[in-house]
Amino acid sequence: TSTATQTFDLTGATGLYNADITINKSAGQVNLLSALVMDAASQDLTLIEGSLYLNGNNLTANGSSGTLPVQDGGVLILQGGETITANSGYPTFAASSTAKYLGDGDSAADTYTIKQFTYSNLHAAFTDTVDTLTTSNAAVFDTNGKFLLSSGTFVAPPSTMTIGGDFEKTASATYTHSSGTVDLDGTDQIIYGSTTFNNLSKTETAAAVLRFEAGQTTTVAGTWTATGAAGQLLQLHSTATSTQWLVDPQGTRTLNFIDV
């Protein structure tokens, strides 16, 4: 608990801690200073609120019936090269939780492979802007909340990347589409920043709104699909009523039951 930054160090006793760990901080974070092994039966690591920074250290939470939930308000921070070993289905990420990739901050160009979890909010915020987060190992990549790329390079999967919240890329970051598809499967969503997608798709059976950041350009190199339903229009609007949004569809367009 507390609002200060705290450290957790098991150097020399990595596998000897057999109790549960609960992180519940209204501010600040907990930094690991050593590997953490939680392999006792029913030993749980629960991140309720606040941040847990792995700090380049491996995390094991695989004791019989042991759990690793990241609850609403919890933030799991990784450099990207750590190994997380957990029981099947873990870690879980609740609706308002976040996973954040930072890199190791060594000023060198490093490439990290994203962990194959089902994320809620996902944030790539590399300290070294030359770092890359790749999803090349993911047949399908899914984040149920917001995708935020604020620095570095993100390499999307060559298959399908499903996003349930907003998509945001800052001007200083690089998004590489890998000839794949981005499927926006939330209800009301926003695309922030100027981004080039390969295929971009949003299909709704109930009324929904897809907003594009005012003054920014969304480029679709492949197929652009935007489909509502009869009496349930998909609205394509700007984030500012007085400023246009811009789209450059360069390939096939499938646009049905939309309001622009």
Side-chain angles (χ1 to χ4, degrees), residues 1 3 20-30 38 44-54 59 61-62 65-78 80 82 84-102 114-125 133 135 138-150 154 156-157 159-170 173 175 181-193 195 200-213 232 234-235 237 239:
T1 59
T3 59
D20 294 341
I21 296 176
T22 300
I23 298 172
N24 189 6
K25 298 171 64 66
S26 59
Q29 66 187 41
V30 175
M38 301 179 65
D44 301 329
L45 172 57
T46 304
L47 180 50
I48 297 176
E49 189 173 5
S51 300
L52 171 62
Y53 177 33
L54 300 190
L59 171 63
N62 66 347
S65 301
T67 64
L68 178 52
V70 184
Q71 298 183 6
D72 291 348
V75 181
L76 180 63
I77 306 174
L78 310 90
E82 301 94 338
I84 298 178
T85 304
N87 288 323
S88 178
Y90 290 98
T92 57
F93 291 90
S96 297
S97 66
T98 300
K100 188 175 184 179
Y101 287 80
L102 292 182
I114 199 163
K115 312 299 181 187
Q116 293 192 52
F117 306 139
T118 297
Y119 297 94
S120 181
N121 300 310
L122 177 64
H123 186 188
L133 181 62
T135 60
V140 177
F141 175 76
D142 187 11
T143 177
N144 292 320
K146 180 176 181 176
F147 173 84
L148 172 58
L149 175 58
S150 59
F154 180 83
S159 51
T160 300
M161 175 175 170
T162 302
I163 300 175
D166 298 336
F167 177 100
E168 180 173 356
K169 184 191 78 67
T170 65
Y175 174 83
T181 297
V182 170
D183 181 23
L184 303 174
D185 70 344
T187 305
D188 295 342
Q189 295 175 272
I190 303 174
I191 296 176
Y192 292 101
T195 301
L200 178 64
S201 177
K202 184 170 177 63
T203 299
E204 298 292 336
T205 57
V209 182
L210 176 59
R211 291 184 172 86
F212 299 80
E213 185 177 4
Q232 304 291 331
L234 173 59
Q235 301 177 54
H237 290 174
T239 55

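The analysis underlying the following values was restricted to heavy atoms, covering all of them including side chains, and did not include hydrogens, waters or symmetry mates. All residue numbers refer to positions in the sequence shown, counting from 1.
Contact check for T162 versus T143: no side-chain heavy atoms found under the 4.5 Å cut-off. The shortest side-chain heavy-atom distance between D183 and T203 does not fall under the 4.5 Å cut-off. In this structure, the side chains of V209 and I190 stay at 4.5 Å or more apart for every pair of heavy atoms.
A search for side chain to side chain donor-acceptor pair (under 3.5 Å) contacts involving T181 returns N199, not counting sequence neighbours. Residues passing the ring pair (Phe, Tyr, Trp, His ring centres under 6.0 Å) test with F154 are F147, sequence neighbours excluded. N62 pairs by the side-chain contact (heavy atoms from CB on, under 4.5 Å) definition with D39, T60, T85, N87, not counting sequence neighbours. D44 meets the side chain to side chain donor-acceptor pair (under 3.5 Å) test with T67; sequence neighbours excluded. Here K146 pairs with E168 under the salt bridge (Lys or Arg N to Asp or Glu O under 4.0 Å) rule; sequence neighbours left out. With sequence neighbours left out, T195 forms a side chain to side chain donor-acceptor pair (under 3.5 Å) with no residue at all. In this view, Q189 and K202 satisfy the side chain to side chain donor-acceptor pair (under 3.5 Å) rule, not counting sequence neighbours. Under the salt bridge (Lys or Arg N to Asp or Glu O under 4.0 Å) criterion, E213 pairs with no residue, sequence neighbours left out.
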Determine, stepwise, if the pair N121 / L148 fulfils side chain to side chain contact (heavy atoms under 4.5 Å, CB included).
CA-CA 8 Å; N121 300 310; L148 172 58; over 6 Å; no
Output, in order, the C-alpha distance, side-chain angles, deciding distance and verdict of side chain to side chain contact (heavy atoms under 4.5 Å, CB included) for L149 and T170.
CA-CA 7 Å; L149 175 58; T170 65; over 6 Å; no
Would Y175 and F167 count as a ring-ring contact (aromatic ring centres under 6.0 Å, His included) here? Give the steps.
CA-CA 11 Å; Y175 174 83; F167 177 100; 5.4 Å; yes
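For residues 91-102, the set of pairs meeting the side-chain hydrogen bond (donor to acceptor under 3.5 Å, both in side chains) definition, not counting sequence neighbours, comprises Y101-Y119.
Pairing each heavy atom of A94 with each of S120, the nearest pair is O-CB, 3.1 Å. Across all non-hydrogen atoms, the minimal contact from G28 to K25 is C-CE, 3.6 Å. Annotation for F141 and P157: closest pair CB-CG, 3.9 Å, computed over non-hydrogen atoms. Across all non-hydrogen atoms, the minimal contact from M38 to L45 is SD-CB, 3.7 Å. Smallest separation of non-hydrogen atoms from P91 and F117: CD-CE2, 3.5 Å. Between T239 and R211, the closest heavy-atom pair is CG2-CB, 4.0 Å.
Distance check, rounded to the nearest 0.5 Å: CD of Q235 to CG of D188 gives 8.0 Å. To the nearest 0.5 Å, atom CG of residue L184 and atom CE of residue M161 are 9.5 Å apart. Interatomic distance, OG1 of T187 versus CG of L210, reported as 11.5 Å (0.5 Å rounding). The NZ atom of K115 sits 10.0 Å away from the CG atom of L133 when rounded to the nearest 0.5 Å.
Evaluated for a side-chain contact (heavy atoms from CB on, under 4.5 Å) with F93, the options L76, D72, N144, T118 yield exactly one hit, L76.
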Using distance only, find each side-chain donor-acceptor pair of residues 46-54 under 3.5 Å and give its atom names and separation, not counting sequence neighbours.
| from | atom 1 | to | atom 2 | distance (Å) |
| --- | --- | --- | --- | --- |
| Y53 | OH | Q79 | NE2 | 3.3 |

